[in-house]
Amino acid sequence: MWRELLPVGRHADSRGYRRFAWTGADAECRAWFREQAEARGLAYEVDRNGNQWAWLGDPTAGDAVVTGSHLDSVPDGGAFDGPLGVVSSFAALDELRGRGAQFAKPLAVVNFGDEEGARFGLACVGSRLTAGELTVEQAHRLTDGDGVSLPRAMEAAGHDPDAIGADPERLARIGAFVELHVEQGRALDLSGDRVGIASAIWPHGRWRFDFRGEANHAGTTRLVDRRDPMLSYAETVLAARREAELAGAVATFGKIAVEPNGVNAIPSLVRGWLDSRAADQQTLDLVVTGVEKAAREYAAAHGVDLDVVRESFTPVVEFDHALRDELARILGKDTDISVPVLGTGAGHDAGILSGRIPTAMLFVRNPTGVSHSPAEHAAEDDCVAGVLALADVLEGLACR
């Protein structure tokens with residue numbers, strides 16, 4: 001399975017992946033998912049929001065155990081973020097069948113659409129729509145960098161955009177969702193453990209900073225006469241790093257748009273996107289408030305106007321404690337090994353769904369901690385350990 005997926009959407013120069021929602025690479029991934037489902041005799045379906053499901057047992061019976069993740073990527077992302085969870089889910093099912101497991105509950109593998117938000121700027125679109133955390137009107141207003149709207153992109157890919165929306169009936173049939181994911185940090189590598197259990201997802205959000213100055217000639221405009229928004233932006237980037245360090249949080253300006261974007265032109269607009277995350281809400285508010293305060297001071301000093309818009313936000317997500325404890329019990333059964341429980345600063349579909357159904361996560365060791373990069377990696381034996389752990393969990397939750 002891993003070898004089949006590896007070439008899909010891989011960029012020749014960066015060697016990273018560009019599997020963006022409702023594109024050709026996404027279609028190839030979706031076709032692969034359907035093939036895996038049908039090869040195992042699973043009932044395949046696509047829900048109203050474009051999420052793919054592969055069912056063992058009656059989907060309408062209720063109290064189903066669901067596992068899976070996503071197959072899309074960030075720009076030039078790695079091979080493991082998302083796909084490891086989907087591949088491991090199918091592999092765990094194969095493992096359970098090999099054990100002769102008798103299922104007492106329906107089991108499903110899911111591929112949630114547009115988890116990374118790389119194309120339309122909002123993460124977890126498929127799960128947000130399903131959970132009712134993204135309205136139809138909001139979804140229809142999403143556009144990509146070329147001005148293509150989400151409805152147009154979905155329609156071009158053969159999906160009905162008028163059918164999207166909250167799906168409480170589907171969620172009501174799910175008793176537990178467990179998502180396996182490569183760890184996006186080095187906690188497991190530092191502790192020497194192959195597999196861990198998630199405790200919570202840090203609160204996080206995206207803020208857009210629009211610095212508006214005055215376009216002018218780079219060679220003839222005196223420095224004292226300039227209203228250069230790039231200066232305010234650059235100082236704000238440094239301020240974000242400083243505020244994050246002081247608070248023990250993280251803050252990153254990772255995306256920028258410049259107008260008119262000419263080498264010999266002073267910009268009229270510099271638009272930067274801030275991603276910030278912290279272990280608790282108070283700390284996150286402290287960081288973002290500090291960054292905005294500094295940005296406004298820098299903008300005023302350079303005669304630049306500033307607008308700050310919060311584009312998305314996810315509060316702290318505490319995974320279901322009973323389910324989390326049950327995972328720990330299952331994985332520690334008949335052994336003296338305790339599975340580490342750790343928090344994460346990354347968002348996931350499991351976090352979006354946690355407000356509607358019991359959810360939990362398993363992490364697989366990442367030796368470098370690198371993620372959202374072609375250098376993202378997990379060793380094969382650690383991936384196998386993840387599959388076996390997931391199989392044990394599914395057996396404990398869904399089998400007699």
Hey, what do you get for CD (Glu183) to CG (Leu362), rounding to the nearest 0.5 Å? 12.5 Å

Co-membership, hydrophobic cluster, residues Met361 and Ile197, 4.5 Å side-chain: no

Using a strict 4.0 Å threshold on nitrogen-to-oxygen distance, state whether Asp94 and Arg40 make a salt bridge. yes

Using a strict threshold of under 4.0 Å (side-chain N to carboxylate O), is an ion pair present between Asp392 and Arg99? yes

Tell me the closest heavy-atom pair linking Ser276 and Val287, and the distance in Å. OG-CG1, 3.6 Å

Which of parallel (below 30°), tilted (30 to 60°) and perpendicular (above 60°) describes Phe363 and His181? perpendicular

Under 3.5 Å, is there a donor on one side chain and an acceptor on the other for Asn49 and Thr130? yes

Under a 3.5 Å threshold, yes or no: a donor from one side chain and an acceptor from the other, between Ser371 and Glu376? yes

His372 and Asp76: side-chain donor and acceptor closer than 3.5 Å? no

Examine distances only and state if a side-chain atom of Gln52 and a backbone atom of Arg30 form a donor-acceptor pair shorter than 3.5 Å. yes

Cation over ring, Arg19 on Tyr17, under 6.0 Å and within 45°? yes

Strictly distance-based, threshold 3.5 Å: is any side-chain N or O of Asn51 a donor or acceptor partner for the main-chain N or O of Gly113? yes

Trp2/Phe80 aromatic ring centres below 6.0 Å: yes

Rounded to the nearest 0.5 Å, how far apart are CD of Glu115 and OG of Ser127? 7.0 Å

Please check: side-chain N/O of Ser88 versus main-chain N/O of Gly85, any donor-acceptor pairing under 3.5 Å? no

Closest non-hydrogen atom pair, Val182 against His377: CG2-O, 4.4 Å

Can you measure from CH2 (Trp273) to CZ (Phe253) and round to the nearest 0.5 angstrom? 11.0 Å

What pair of heavy atoms forms the shortest contact from Ala244 to Ala251, and how long is it? CB-N, 3.7 Å

Do Val364 and Val178 land in one hydrophobic cluster if side-chain heavy atoms of ILVMFWY residues count as linked below 4.5 Å? yes

Are Phe211 and Tyr298 close enough that their ring centres sit under 6.0 Å apart? no

Does the ring of Trp22 carry Arg152 above it, NZ/CZ under 6.0 angstrom from centre and within 45° of its axis? no

Grouping I, L, V, M, F, W and Y whenever their side-chain heavy atoms are under 4.5 Å apart, do Ile352 and Phe313 come out in a common cluster? no

Interatomic distance, Leu394 atom CG to Lys105 atom NZ [nearest 0.5 angstrom]: 11.5 Å

Nearest-0.5 Å distance that lies between atom CG in Leu150 and atom CG in Leu142: 5.5 Å

Can you get from Val74 to Leu71 by hopping between Ile, Leu, Val, Met, Phe, Trp and Tyr side chains that sit under 4.5 Å apart? no

Is it the case that the side chains of Gln184 and Asn366 hold a donor-acceptor pair, with the cut-off being a distance below 3.5 Å and no angle test? no

Parallel, tilted or perpendicular: which describes the rings of Phe90 and Trp32, with under 30° parallel and over 60° perpendicular? perpendicular

Are Phe20 and Phe120 near enough that their ring centres are under 6.0 Å apart? no

Working to the nearest 0.5 angstrom, can you tell me the gap between Leu274 CG and Lys255 NZ? 13.5 Å

Do Arg173 and Glu169 sit within salt-bridge range, that is, some charged N less than 4.0 Å from a carboxylate O? no

Asp13 side chain to His11 side chain, donor-acceptor N/O pair below 3.5 angstrom: no

Going by atom types alone, do His302 and Asp228 pair a side-chain donor with an acceptor below 3.5 Å? no

Flag yes if Met1 and Leu84 sit in one hydrophobic cluster, no otherwise; membership is Ile, Leu, Val, Met, Phe, Trp, Tyr, and two members link when side-chain heavy atoms are under 4.5 Å apart. yes

Ion pair check, Asp193 and Arg365, cut-off under 4.0 Å: no

Sidechain-backbone polar pair: Thr252 side chain, Gly254 backbone, donor-acceptor under 3.5 Å: no

Please confirm whether the backbone N or O of Gly343 pairs with a side-chain atom of Ser199, one donor and one acceptor, at under 3.5 Å? yes

Heavy-atom closest contact (Val148 atom, Ala153 atom, distance): CG1-N, 4.1 Å

Closest heavy-atom pair and its distance - Arg18, Ala25: O-CB, 3.8 Å

May I ask you to say whether Arg208 pairs ionically with Glu311, meaning some side-chain N is under 4.0 Å from a carboxylate O? yes

Ignoring hydrogens and geometry, is there a side-chain-to-backbone donor-acceptor pair from Ser89 to Gly68 under 3.5 Å? yes

Verify, without hydrogens or angle tests, whether Glu214 (side chain) and Arg227 (backbone) share a donor-acceptor contact under 3.5 angstrom. no

Could you check whether Thr283 and Asp280, counting side-chain N and O atoms only, form a donor-acceptor pair closer than 3.5 Å? yes

Would you say that more than 12 heavy atoms from the other residues, nucleotides or ligands in this model lie under 6.0 Å from the CD of Glu155, or not? no

Start with the C-alpha gap between Val258 and Met230, add the side-chain angles, then the distance that decides, and say whether side-chain contact (heavy atoms from CB on, under 4.5 Å) holds. CA-CA 9 Å; Val258 181; Met230 187 63 77; 3.8 Å; yes

Using 4.0 Å as the upper bound for N to carboxylate O, is an ion pair formed by Asp210 and Arg271? yes

Decide, yes or no, whether a salt bridge links Arg212 with Glu259 under the criterion of side-chain N to carboxylate O below 4.0 Å. no

Consider only side-chain N and O atoms of Glu38 and Tyr44, and report whether a donor and an acceptor are under 3.5 Å apart. no

Taking 4.0 angstrom as the limit, do Arg241 and Glu245 come out as a salt bridge? yes

Whether the side chain of Asp320 engages the backbone of Thr359 through a donor-acceptor N/O pair (distance < 3.5 Å, no angle test) should be reported. no

Treating His70 as the side-chain partner and Asp72 as the backbone partner, does any N or O pair qualify as donor plus acceptor under 3.5 Å? yes

Nearest heavy-atom pair of Ala139 and Ile164: which atoms, and what distance? CB-CD1, 3.8 Å

Check Arg128 with Asp349, please: is the shortest side-chain N to carboxylate O separation under 4.0 Å? no

Determine whether a donor-acceptor pair (N or O, by modelled atom type, separation under 3.5 Å) exists between the side chain of Ser354 and the backbone of Val317. no

